[in-house]
Amino acid sequence: MELVIYDTLTRQKRRFDPLVPGQVSFYTCGVTVYDYCHIGHARVYVTTDTMRRVLLAAGYSVRYVQNFTDIDDKIINRAAEAGIEYHTLTQRFIDAYMEDMGQLGISPADCYPRATEYLPQMIEMIGSLVASGHAYVSDTGDVWYSVDTFEGYGRLSRKKRDELIAGVRVDAMDGKRHPSDFVLWKSAKPGEPTWESPWGPGRPGWHIECSAMARQELGESIDIHAGGEDLIFPHHENEICQSEAVTHKPFVRYWVHNGFVTIDNEKMSKSLGNFFTIRDVLTQVSGQALRFFLLRSHYRTPLHYSLDGVKEAKVGLDKLVNTVNLHRDSPEAFGAVLSSIEVLKNRFWQAVSDDFNFSEAIGVLFDLSRMINTSEVSSGVLAELMGILGLESAALGESITQEAEDLMKVRWDAKQNRDFGTADRLRIELLERFQILVEDTKTEYRWKKLT
RNA sequence: GGCGGCAUAGCCAAGUGGUAAGGCCGAGGUCUGCAAAACCUCCACCCUCAGUUCGAAUCUGAGUGCCGCCUCCA
């Protein structure tokens with residue numbers, strides 16, 4: 001099946017052709033680990049995880065790499081405030097990150113490079129940039145990238161170098177030659193973590209880490225590089241000029257950027273303070289519900305977050321999960337029903353192949369759900385397609401207490417004896433004490449645990 | 001100021017030239033002791049104006065409103 005991906009660099013959908021047929025190198029910019037992740041982060045990682053799942057389901061082998069920025073100003077400041085080592089702080093939030101992402105049903109990356117573990121690679125790249133004249137050392141011992149030396153600077157973000165000068169404050173020049181020059185190596189400041197380098201002790205600037213880690217872990221040209229829209233400039237712009245000045249090869253074949261999550265029509269961000277952390281939200285709704293909510297709209301459009309919205313999404317998701325559970329053991333479809341299901345399956349694949357249109361794909365899932373319920377055929381295909389979107393539909397394997405189980409039996413017997421008073425009382429008790437909803441059919445009862 | 005994006009029902013949200021997917025909510029119905037689940041029916045002149053076209057939510061132009069990037073940000 002042909003896959004089409006919208007590429008930020010060319011601003012158009014392009015047929016997806018990995019550098020090596022059948023193999024995909026996929027890099028997603030990770031988080032700076034100084035705090036808990038919010039819904040905006042959740043959106044990026046749910047999206048890229050789902051893209052990765054689609055690629056895998058389509059038969060590609062995928063190497064998926066996502067970094068942690070574990071050294072920067074904010075980390076140093078937070079650690080100082082807390083009176084702990086910076087790496088104690090970063091480890092804490094890396095652990096929290098892993099927990100949060102696990103709740104969202106995100107598969108672990110193949111590799112989680114941390115900036116502080118790639119100093120040699122970064123120093124080598126910076127050295128190469130200095131040697132080739134793309135970078136220079138200022139009086140203060142900082143090393144800067146000279147954007148004027150790179151022909152295509154501004155191509156990704158559609159910015160012109162001379163126009164960038166306008167908004168820059170003069171007092172922020174710090175020994176730069178051009179206002180847009182950015183730091184590759186920061187000379188040591190008292191009390192900060194430092195590493196040795198040919199330019200003296202210091203620490204790396206932000207952008208160089210992704211160039212170095214992507215190169216080390218995925219090679220000099222990678223297929224997909226993803227991140228939030230806010231990374232287009234300057235982060236990804238800078239990555240391109242660093243990497244390509246060193247390797248003379250196209251750094252990235254497809255640039256993929258997520259739209260923002262908004263609150264009251266404004267971008268959710270740490271600086272505005274209008275953010276909800278993933279773990280806050282997960283006290284109210286399940287990770288699956290949040291994941292489903294995030295996948296319901298196309299990844300490039302803004303997504304308005306609200307708790308009500310997530311709860312609404314959950315109702316829909318429950319419907320799909322219900323269908324899967326109800327018809328897990330129903331007979332396989334055949335004949336006309338099978339044909340209809342094949343058509344739906346095809347529509348699903350067309351949707352996800354067209355720039356990862358998960359919203360449309362979910363629409364197909366509801367059609368499929370109806371088809372399964374009306375025809376009473378196996379829900380296997382629905383479970384399979386939900387799995388591609390990372391939506392779990394496995395039977396609730398969780399054990400219920402013996403007491404609850406006994407109560408359900410007692411209730412059923414009471415009902416069979418037309419003792420409705422007892423039956424109803426037990427229904428309420430099961431619901432209130434165990435969060436178990438009992439559903440009756442003509443011949444049996446079934447139950448589900450409310451989440 | 002420069003650049004970019006968005007505007008589809010009460011709400012959420014696909015659709016980018018052929019006559020508006022899907023979900024939530026709501027109304028009615030089938031089923032049912034009750035409840036739940038499931039199913040059926042109903043619920044949009046696609047921000048405005050002007051154009052192109054046999055035909056436009058979809059293309060063009062103008063306008064209005066909102067948002068983003070240009071500084072750390074997913």
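Labels below follow one simple rule: chain letters A, B, ... track the order of the sequence lines, proteins then strands, and each chain is numbered from 1. This is a predicted model, so every value here is computed, not measured.
At the heavy-atom level, A:I232 lies nowhere under 4.0 Å from the strands shown. A:N357 comes within 4.0 angstrom of the backbone, heavy atoms only, and of no base. If you check every strand for non-hydrogen atoms under 4.0 Å, A:H38 touches a base. Using a 4.0 Å heavy-atom cutoff across all strands shown, A:G40 reaches at least one base atom of the nucleic acid. A:R43 comes within 4.0 angstrom of nothing in the nucleic acid, heavy atoms only. The residue A:V438 sits close to a base: some heavy atom pair falls under 4.0 Å. Across all strands shown, A:T441 has no heavy atoms under 4.0 Å from either base or sugar-phosphate atoms. Base contact: A:S269 has a heavy atom under 4.0 Å from a base atom.
For RNA chain B, runs of at least 3 consecutive pairs of the Watson-Crick or G-U wobble type, with both hydrogen-bonding distances under 3.5 angstrom, map to B:1-7 with B:64-70, B:10-12 with B:22-24, B:26-30 with B:38-42, B:47-51 with B:59-63.
If you measure from atom CG of A:D100 to atom C1' of B:A74, you get 14 Å, rounded to the nearest angstrom. Atom P of nucleotide B:C34 and atom OH of A:Y445 are separated by 21 Å, given to the nearest angstrom. Going from atom NZ of A:K449 over to atom C1' of B:A37 covers 20 Å, rounded to whole Å. The separation between A:N274 atom CG and B:G68 atom C1' is 13 Å, rounded to whole Å. One atom, NZ of A:K314, and another, P of B:C11, lie 24 Å apart when rounded to the nearest Å. When the P atom of B:A21 is taken as reference, atom CG of A:D354 falls 18 Å away, rounded to whole Å. Remark: P of B:G4 and CZ of A:R155 are 16 Å apart, rounded to the nearest angstrom. One interatomic measurement links the two molecules: CG of A:L320 to P of B:C39, which rounds to 11 Å at whole-angstrom precision.
A salt bridge links A:D230 with A:K267; the closest basic N to acidic carboxylate O contact falls under 4.0 Å. With respect to the salt-bridge test (charged N to carboxylate O, under 4.0 angstrom), the residues A:R411 and A:E429 do not qualify. A salt bridge does not link A:K74 to A:D35: none of the charged nitrogens lies less than 4.0 Å from a carboxylate oxygen. In this structure, A:R203 pairs ionically with A:D73, as a charged nitrogen and a carboxylate oxygen lie closer than 4.0 Å.
Side-chain proximity of A:E360 to the nucleotides B:A14, B:C69, B:A37 is greatest for B:A14. Checking B:A37, B:G68, B:G23 against the side-chain heavy atoms of A:F260 singles out B:G68 as nearest. Each of B:C70, B:A36, B:G22 was ranked by its minimum atom distance to the side chain of A:L437; first place goes to B:A36. Checking B:A36, B:C3, B:C66 against every side-chain atom of A:N265, the shortest atom distance belongs to B:C66. With B:A14, B:G22, B:A13 as the choices, the nucleotide that has an atom nearest any side-chain atom of A:D367 turns out to be B:G22. Closest approach to the A:K319 side chain among B:C24, B:A74, B:A14 is made by B:C24 (side chain taken as heavy atoms from C-beta onward). When each of B:C69, B:C72, B:C67 is scored by its nearest atom to the side-chain atoms of A:K74, the top-ranked nucleotide is B:C72. With B:A37, B:A74, B:A14 as the choices, the nucleotide that has an atom nearest any side-chain atom of A:E439 turns out to be B:A37.
Annotation: B:G5 and B:A9 have their P atoms spaced 22 Å apart (nearest Å). As rounded to the nearest Å, B:G33 and B:G22 have P atoms that lie 32 Å from one another. The gap from the P atom of B:C54 to that of B:A44 amounts to 31 Å, rounded to the nearest Å. Between the C1' atoms of B:A14 and B:G55, the separation comes to 22 Å (whole Å). Nucleotides B:G23 and B:A62 have their P atoms positioned 39 Å apart, rounded to a whole Å. Separation of the P atoms belonging to B:A27 and B:A36 is 13 Å when rounded to the nearest angstrom. B:C39 and B:G65 are spaced 45 Å apart, taking the P atom of each and rounding to whole Å. A distance of about 9 Å separates the C1' atoms of B:G15 and B:U58, rounded to the whole Å.
Formation of a donor-acceptor pair under 3.5 Å by the A:S187 side chain with backbone atoms of A:G202 is not found in this model.
In this model, the phosphate group of B:U32 is approached by a side-chain N or O of A:K442 to a distance below 4.0 Å at OP1 or OP2. For B:A37, the OP1/OP2 oxygens have no side-chain nitrogen or oxygen of A:N322 closer than 4.0 Å. Applying the 4.0 Å criterion to OP1 and OP2 of B:C70, one finds that A:K160 has every side-chain N and O outside that range. Note on A:S359: every side-chain N or O is 4.0 Å or more away from OP1 and OP2 of B:G23. Residue A:N373 places no side-chain N or O under 4.0 Å from the OP1 or OP2 atom of B:A37. Under 4.0 angstrom from either OP1 or OP2 of B:C40 there lies at least one side-chain N or O belonging to A:R370. Listed pair A:K267 / B:C69 meets the phosphate criterion, a side-chain N or O lying under 4.0 Å from OP1 or OP2.
Applying the 3.5 Å distance criterion, the base of B:G23 shares a donor-acceptor pair with the side chain of A:E312. For B:C34, its base sits under 3.5 Å from the side chain of A:R427 at one donor and acceptor pair at least. You'll find a donor-acceptor pair under 3.5 Å spanning the side chain of A:D440 and the base of B:C34, going by distance alone. With hydrogens and angles left out, the side chain of A:D230 and the base of B:G68 share no donor-acceptor pair within 3.5 Å.
Closest heavy-atom contact between A:Y6 and A:D355: N-OD1, 3.0 Å.
A side-chain donor-acceptor contact under 3.5 Å links A:S107 and A:R53. Side-chain atoms of A:H327 and A:N373 include a donor-acceptor pair closer than 3.5 Å.
For A:R446, the CZ atom counts as densely surrounded, since its 6.0 Å shell holds more than 12 non-hydrogen atoms of other residues, nucleotides or ligands.
If you find the closest nucleotide of RNA chain B to A:P234 and to A:S369, the one lying nearer the 5' end belongs to A:S369. A residue-by-residue look at A:P302 and A:A313 shows that A:P302 has its nearest nucleotide of RNA chain B further toward the 5' end.
Within the cation-pi definition used here (under 6.0 Å to the ring centroid, within 45° of the axis), A:K415 does not qualify as a partner of A:Y445.
Using cut-offs of 30° and 60° on the angle between ring planes, the pair A:F233 and A:Y153 is perpendicular. In this pair, A:H207 and A:H235 present their aromatic rings tilted. The plane angle is within the 30 to 60° band.
Between the side-chain ring of A:F420 and the base of B:G33, a stacking contact exists by the 5.5 Å and 30° definition.
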